[in-house]
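Computed from heavy atoms alone, side chains included, the values below leave out hydrogens, waters and symmetry copies. Note that the structure is a prediction, hence the values are computed from the model and not measured.
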Amino acid sequence: MTAQNIDEVVDGLAEIVRDATRAGDRIGYFAALYRQVTVEIRKAIHEGQFEDGPRMDRFDTLFGNRYFAAHDAWLRDRSGPRCWRETFGLLTDSDTVIVQHLILGVNAHINLDLAVAAAGTDPGKDIQALRHDFLLINDILARVVLAVQDSVDAVSPLLSLLDKVGGRTDEQILDFSIVQSRAEAWHNAVVLAGQSEEERAATIERLDIRAAVLARLIARPGALVRPALELIRHTESGDVAAVIAHLDSAVR
């Protein structure tokens, strides 16, 4: 699956969500979140919110194709980037709760794919022209994540426990911050944009290893969180298709 524009990214994600819903496959959890983010970015492009709409279409297409490539590699022969293998490898793990599946996908896509896609959109010094629009996506992402978090609460009623343990948010407890990760992704994109092909390969390898380590930490967090996760696991919905459908309609 290779998209040529943002419309095809949205269509490809919708297809994954449909297939996952029919099969009861948890791969649809993150795909549902990602589809809604992409729809909102496409809407912002059409409304002229970005400085350069065509560039953002190109950027989002590169970004989406990173996910499609990882998804297809996993289905084909369980290959692909380490961090995505860690993420997809937990889809059948009954001990992993809904919010962990979502954050695992976000981790791989932001901590590896985002920098690569940004650097590929505007290589060299030209990447600085992308910075304003790159940061604008933070606002869009924040709105969608908030809506999806409210949606998750409906199918995972004890998720609020994660907010109460240590007085921190669920993302912080699971050692993941979207805002921090996107800031690091921009730094890494600037580095990649100025590197030779050989240097880029080494940097991408390093980013993949780091994201894979983070995936393991998200999947198996510290002892403080485990009792809360155990309670959440036993009270959240086990109807995968219904959860996907619920997540996929979070943004109205």
- Item | Asn5 side chain vs Thr61 backbone, donor-acceptor pair below 3.5 Å | no
- Using the rule that two of Ile, Leu, Val, Met, Phe, Trp, Tyr join whenever any of their side-chain heavy atoms come within less than 4.5 Å, decide whether Leu90 and Ile16 are in one cluster. yes
- For the residue pair Asp77 and Ser79, confirm or rule out a side-chain donor-acceptor distance under 3.5 Å. yes
- Item | Under 3.5 Å: donor-acceptor pair, side chain of Asn111, backbone of Leu207 | no
- Check Glu236 against Ser156 and note the closest heavy-atom contact, atom names and distance. OE1-OG, 2.7 Å
- One should read off an interatomic distance between Ile218 CD1 and Arg216 CZ, to the nearest 0.5 angstrom, of 11.5 Å
- Task: Determine, step by step, whether Ile244 and Val17 satisfy the side-chain contact (heavy atoms from CB on, under 4.5 Å) criterion, reporting the C-alpha distance in whole Å, the side-chain angles of both residues, the deciding distance to 0.1 Å, and the verdict.
- Result: CA-CA 7 Å; Ile244 294 172; Val17 170; 3.8 Å; yes
- Query: Any sub-3.5 Å donor-acceptor pair from Glu86's side-chain atoms to Ala215's backbone N or O?
  - Reply: no
- Query: Will you find, in the side chains of Trp84 and Asp113, an N or O donor that is under 3.5 Å from an N or O acceptor?
  - Reply: yes
- Quick one: does Arg35's side chain have a donor or acceptor within less than 3.5 Å of a partner on Leu13's backbone? no
- Within the side chain of Asp133, is there an N or O that forms a donor-acceptor pair under 3.5 Å with the backbone of Glu51? yes
- Message: Quick check: do Phe63 and Thr38 have side-chain heavy atoms less than 4.5 Å from each other?
- Response: no
- Item | Value rounded to 0.5 Å, distance of OG in Ser181 from CG in Leu112 | 12.0 Å
- In terms of side-chain geometry, is the basic nitrogen of Glu230 or Arg233 positioned less than 4.0 Å from the acidic oxygen of its partner? yes
- Item | Smallest separation among heavy atoms of Val37 and Ile140, with atom names | O-CG2, 4.4 Å
- Task: Could you tell me which non-hydrogen atom of Asp122 sits nearest to which non-hydrogen atom of Ala193, and how far apart they are?
- Result: O-CB, 4.1 Å
- Message: Ring centroids only, cut at 6.0 angstrom: are Phe50 and His132 within range, meaning strictly under it?
- Response: no
- Please examine the side chains of Thr96 and Asp93, heavy atoms only from C-beta on, and report whether any two atoms are closer than 4.5 Å. yes
- Task: Return the minimal non-hydrogen interatomic distance between Gly64 and Tyr34, and the atom names on each side.
- Result: CA-OH, 3.1 Å
- Query: Heavy atoms, side chains only, cut-off 4.5 Å: are Arg182 and Ile137 in contact?
  - Reply: yes
- Message: I'd like to know whether the aromatic ring centres of His101 and Phe30 sit less than 6.0 Å apart in this structure.
- Response: no
- For the residue pair Arg206 and Asn188, establish whether any side-chain heavy-atom pair is separated by less than 4.5 Å. yes
- Query: If two hydrophobic side chains count as joined below 4.5 Å and joins carry through other members, does Phe134 share a cluster with Leu136?
  - Reply: yes
- Message: Could you report the tightest heavy-atom contact between Ala3 and Phe68, atom names first, then the distance?
- Response: CB-CE1, 4.1 Å
- Within one Ile-Leu-Val-Met-Phe-Trp-Tyr cluster: Ile110 and Ile41, side-chain cutoff 4.5 Å: yes
- Query: For the residue pair Thr121 and Arg58, what are the closest heavy atoms and their distance?
  - Reply: O-NH2, 3.4 Å
- Side chain of Arg42, backbone of Ile6: donor and acceptor closer than 3.5 Å? no
- Message: So does Gly80 get a backbone contact from the side chain of Arg85, meaning a donor-acceptor N/O pair under 3.5 Å?
- Response: yes
- Derivation of the side-chain contact (heavy atoms from CB on, under 4.5 Å) call for Val152 and His246: CA-CA 8 Å; Val152 171; His246 197 77; over 6 Å; no
- Item | Heavy-atom check, side chain of Leu130 versus side chain of Trp186, under 4.5 Å | yes
- Query: Linking I/L/V/M/F/W/Y whenever their side-chain heavy atoms sit closer than 4.5 Å, directly or via other members, would Leu141 and Ile45 fall into one cluster?
  - Reply: yes
- Any chance you could measure Leu214, atom CG, to Cys83, atom SG, to the nearest 0.5 Å? 9.5 Å
- Message: Please report the interatomic distance OG(Ser237) to CD1(Ile98), rounded to the nearest 0.5 Å.
- Response: 6.5 Å
- Carefully, step by step, assess Val39 and Lys43 under the rule side-chain contact (heavy atoms from CB on, under 4.5 Å). CA-CA 6 Å; Val39 166; Lys43 179 181 176 183; 5.6 Å; no
- Query: More than 12 heavy atoms of other residues, nucleotides or ligands under 6.0 Å from CZ of Arg131: is that the case?
  - Reply: no
- Message: Between Arg78 and Trp74 (side chain of the first, backbone of the second, donor and acceptor by atom type, cut-off under 3.5 Å), is there such a pair?
- Response: yes
- Task: Inspect the contact between Arg210 and Glu184 and indicate whether a charged nitrogen and a carboxylate oxygen are less than 4.0 angstrom apart.
- Result: yes
- Item | Within 6.0 Å of CD in Glu47, more than 12 heavy atoms from elsewhere | yes
- Is any side-chain heavy atom of Val191 closer than 4.5 Å to a side-chain heavy atom of Glu199? no
- Query: Rounded to the nearest 0.5 Å, what separation is found between the CG atom of Asp7 and the CG atom of Asp57?
  - Reply: 7.0 Å
- Under 3.5 Å, is there a donor-acceptor pair between the side chain of Gln36 and the main chain of Leu247? yes
- Query: At what distance, to the nearest 0.5 angstrom, does CE of Met1 lie from CD of Glu8?
  - Reply: 10.5 Å
- Task: Report the C-alpha separation of Phe59 and Asp52 in whole Å, then their side-chain angles, then the decisive distance to 0.1 Å, and conclude whether the side-chain contact (heavy atoms from CB on, under 4.5 Å) test is met.
- Result: CA-CA 11 Å; Phe59 162 71; Asp52 189 331; over 6 Å; no
- Query: Do NZ/NE/NH1/NH2 and the carboxylate oxygens of Arg18 and Asp11 come within less than 4.0 Å?
  - Reply: no
- Task: Examine Leu192 and Tyr67 and state if one hydrophobic cluster contains both, with Ile, Leu, Val, Met, Phe, Trp and Tyr joined whenever side-chain heavy atoms are less than 4.5 Å apart.
- Result: no
